[in-house]
Amino acid sequence: MADKKIVSIENRIPQLKQARKKKANRRFIIYLTLIILLILIIVYMQSPLSHVKSVTVVDNEMVDEETVISYSKISFDESFWNVDTNDVMEKIEQHPEIRHAEINRSWYNTFVIAVQEFERVAYQRDGDYYYPILQNGNKIEEVQLDQPREDAPLLHGFEDEMLQSIAYQLSQIPESINLLISEVYWEPEESNRERIRLFTIDGQEVIGVISNFSSKMSAYPSIASQLSEDIDGILHLDVGAYFVPYEGEDVEEAEELEFDEEV
């Protein structure tokens with residue numbers, strides 16, 4: 001039998017001591033790192049560095065950033081990590097023009113608030129001022145305008161229930177067509193409380209019905225392109241689509257008008 005190589009325990013002791021020393025050093029470094037991190041966290045939490053430094057608002061068009069921040073009730077003197085984001089979102093959504101809000105933490109002391117606004121679909125006069133009407137039919141009394149803007153039509157005579165209905169219909173119309181409408185009047189009849197009369201920026205007068213207004217007006221550009229500029233009258237988009245000239249117009253020429261569009 002071949003002789004086995006025997007290693008003396010004295011020769012192994014230095015190696016074991018060195019291995020144990022390396023292991024102890026690694027543990028010390030790990031513990032020291034954890035202690036330093038813990039100290040840094042404690043210092044950060046107790047220092048102004050942990051306070052809210054900035055709040056950024058994105059995706060807002062009508063509601064300005066200062067208003068959104070004001071509704072959030074976020075204080076720049078409070079701890080960044082003590083802010084209840086769900087509570088902040090609920091507070092922001094109390095603004096009548098904000099449908100939904102989301103808030104996210106960025107870095108170590110910054111909030112980013114993303115908002116979704118209700119669309120402004122019209123304006124309505126009340127007293128000396130004009131007020132925006134949202135797609136849900138709500139009137140924004142906080143916004144008082146001396147003159148209505150040109151980004152939505154002006155409504156006349158609409159009551160609460162009908163105001164909500166026409167606001168919904170206007171929200172369903174493509175923006176390009178909505179911009180063609182200058183004014184809408186509620187003109188109820190005994191047999192039809194939903195009757196409306198509207199005027200467009202290209203000079204047309206249109207009679208319609210609230211309940212099917214959005215679907216009928218979607219075909220308006222195509223129909224309007226078939227109307228003669230030499231004939232003035234009323235375009236009916238209530239039942240079907242037909243054009244009635246004003247008195248004194250050339251009726252024979254008007255009768256030649258035909259609408260191929262199914263509306």
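Residues take their numbers from the sequence shown, with the count starting at 1. Since we're looking at a predicted model, the values are computed, not measured.
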Applying ring-ring contact (aromatic ring centres under 6.0 Å, His included), can you list everything that pairs with His100, at least two apart in sequence or on another chain? none
Would a distance-only check, ignoring hydrogens and angles, find a side-chain to backbone donor-acceptor pair under 3.5 Å from Ser222 to Ala219? no
Presence of salt bridge, Glu97 and Arg120, under 4.0 angstrom: yes
Quick one: pull up OH in Tyr220 and CD1 in Ile177 and give me the separation to the nearest 0.5 Å. 10.0 Å
Judged by modelled atom types alone, do Asn138 and Tyr131 share a side-chain donor-acceptor pair under 3.5 Å? no
Nearest 0.5 Å, please: how far is OG in Ser72 from CE in Met89? 12.0 Å
Side chains of Asp64 and Thr67: is there a donor and an acceptor less than 3.5 Å apart? yes
Quick one: do Val206 and Val209 end up in the same hydrophobic cluster if we chain Ile, Leu, Val, Met, Phe, Trp and Tyr together by side-chain heavy atoms under 4.5 Å apart? no
Going by side-chain heavy atoms closer than 4.5 Å, which hydrophobic residues are tied to Leu134, directly or by a chain of links? Phe118, Tyr123, Tyr130, Ile140, Val143, Leu145, Leu154
Find out whether the Lys NZ or Arg CZ of Arg105 is both under 6.0 angstrom from the six-membered ring centre of Phe80 and within 45° of the ring's axis. yes
Could you check whether Asp126 pairs with Lys139 (Lys NZ or Arg NE/NH1/NH2 to Asp/Glu carboxylate O, under 4.0 Å)? yes
The criterion is salt bridge (Lys or Arg N to Asp or Glu O under 4.0 Å); which residues satisfy it with Glu117, sequence neighbours excluded? none
Of Gln116, Glu119, Gln135, which meets side-chain hydrogen bond (donor to acceptor under 3.5 Å, both in side chains) against Arg99? Gln135
Using links of under 4.5 Å between side-chain heavy atoms of ILVMFWY residues, direct or through other members, which residues join Tyr185 in one cluster? Phe199
Sort and list the pairs that fulfil salt bridge (charged side-chain N to carboxylate O under 4.0 Å, His left out) and have at least one residue in residues 80-90, not counting sequence neighbours. Asp87-Lys91
With a cutoff of under 4.5 Å between side-chain heavy atoms, which Ile, Leu, Val, Met, Phe, Trp and Tyr residues group with Val58? Val112
Transitively linked via ILVMFWY side-chain contacts under 4.5 Å: Tyr71 with Val88? no
From OH (Tyr31) to CD1 (Ile36), nearest 0.5 Å: 15.0 Å
Is there a continuous path of hydrophobic side-chain contacts, each under 4.5 Å between heavy atoms, that joins Ile69 to Val63? yes
